[in-house]
Amino acid sequence: MGTNAVFRRLLVVIKQTAYEEYSQLRARGQAPKALRWKRLESRYKAHQQCVNDLVDILRRSDLTFSCVNRVELDRQHLSDVDLVIAVGGDGTVLSTAHFLDHGTSE
């Protein structure tokens, strides 16, 4: 793709991983003791690599895009967006789809 891209503006919705959530709890001394931290960290690193790779591809493709955390997503993020890319799982896709309706521009 180049400047002739069909999509003018993209939105990348990124999930917050369990590692990020539990790390916040851990910092406050509230995380469950039996968590498998190494496994969560490994999944977090793989997720971050995926996000970084996608952002690099979009930048090299000279596309206009923005990124938003899934928990911060609201309808304002979807105005004038031609394509939404969800980086996460089915929960991220479903959360994003919740904000799409007939009022969203086609």
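The basis for the numbers below is simple: all heavy atoms, side chains too, and nothing from hydrogens, waters or symmetry mates. Positions are given from 1 along the sequence.
With sequence neighbours excluded, no residue forms a salt bridge (charged side-chain N to carboxylate O under 4.0 Å, His left out) with Glu21. Looking at residues two or more places apart in sequence or on another chain, you find a side-chain hydrogen bond (donor to acceptor under 3.5 Å, both in side chains) between Ser95 and Arg70. Listed by chain and residue number, Tyr22, Arg28, Gln30, Ala31 satisfy the side-chain contact (heavy atoms from CB on, under 4.5 Å) test with Leu25 (two or more places apart in sequence, or in another chain). With sequence neighbours left out, the side-chain contact (heavy atoms from CB on, under 4.5 Å) criterion links Arg39 to Arg36, Arg43. Residues meeting the side-chain contact (heavy atoms from CB on, under 4.5 Å) test with Ile57, sequence neighbours left out: Arg60, Ser61. When the side-chain hydrogen bond (donor to acceptor under 3.5 Å, both in side chains) test is applied to Asn69, no partner is found at least two apart in sequence or on another chain.
Pairs engaging residues 82-93 under the salt bridge (charged side-chain N to carboxylate O under 4.0 Å, His left out) rule: Arg8-Asp82 [sequence neighbours left out]. Annotation: ring pair (Phe, Tyr, Trp, His ring centres under 6.0 Å) contacts involving residues 48-95, sequence neighbours excluded, are absent.
One hydrophobic cluster, built from ILVMFWY side chains closer than 4.5 Å, cannot hold both Val87 and Val93; they sit in different ones. Leu94 and Leu73 are not part of a single hydrophobic cluster, where members link through side-chain heavy atoms under 4.5 Å apart.
The two residues Val84 and Val81 have their closest heavy-atom pair at CG2-CG1, 3.9 Å.
Remark: the Asp53 side chain and the Gln49 side chain contain an N/O donor-acceptor pair separated by less than 3.5 Å.
With hydrogens and angles ignored, the 3.5 Å screen pairs no side-chain donor or acceptor of Arg9 with any backbone N or O of Ser66. With hydrogens and angles ignored, the 3.5 Å screen pairs no side-chain donor or acceptor of Ser42 with any backbone N or O of Lys38.
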Atom pairs and distances, side-chain donor-acceptor, residues 10-20, under 3.5 Å, sequence neighbours left out:
residue	atom	partner	partner atom	Å
Thr17	OG1	Glu20	N	3.3
Thr17	OG1	Glu20	OE1	3.0
Glu20	OE1	Thr17	N	2.7

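To the nearest 0.5 Å, atom CZ of residue Arg59 and atom CG of residue Leu54 are 10.5 Å apart.
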